[in-house]
Amino acid sequence: MWIDLFNFVHNSLGMHFWELPALIVGVLLLVEIIVHSLNQKRREGQFDKERKEKLETLQSR
């Protein structure tokens, strides 16, 4: 069974047996990095907004 899968991937797709799982993992990591960076930017913006509001309330007293 594994030999048949190896032969199919190697001969039909023209790639090594390990390249397909590595490609899938690479794409998943790229998506995770993009989502994490977007969430981090949103959290930083929210933190800055709350910090400015707190500073303004402290200065107005």
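Residue numbers start at 1 and run along the sequence shown.
Take D4 and apply the salt bridge (Lys or Arg N to Asp or Glu O under 4.0 Å) test, not counting sequence neighbours, and it matches no residue.
Using a 4.5 Å cut-off between side-chain heavy atoms of Ile, Leu, Val, Met, Phe, Trp and Tyr, I3 forms no hydrophobic cluster with any other residue. L38 belongs to a hydrophobic cluster with L30, I34, counting contacts under 4.5 Å between side-chain heavy atoms of Ile, Leu, Val, Met, Phe, Trp and Tyr, direct or through other members. Here V25 is tied into one hydrophobic group with L29, each link being a pair of ILVMFWY side chains closer than 4.5 Å.
The closest side-chain donor-acceptor pair between Q40 and R43 falls under 3.5 angstrom.
For residues 20-37, the set of pairs meeting the side chain to side chain donor-acceptor pair (under 3.5 Å) definition, not counting sequence neighbours, is empty.
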In residues 47-56, what donor-acceptor pairs under 3.5 Å come from side-chain atoms, sequence neighbours left out?
none

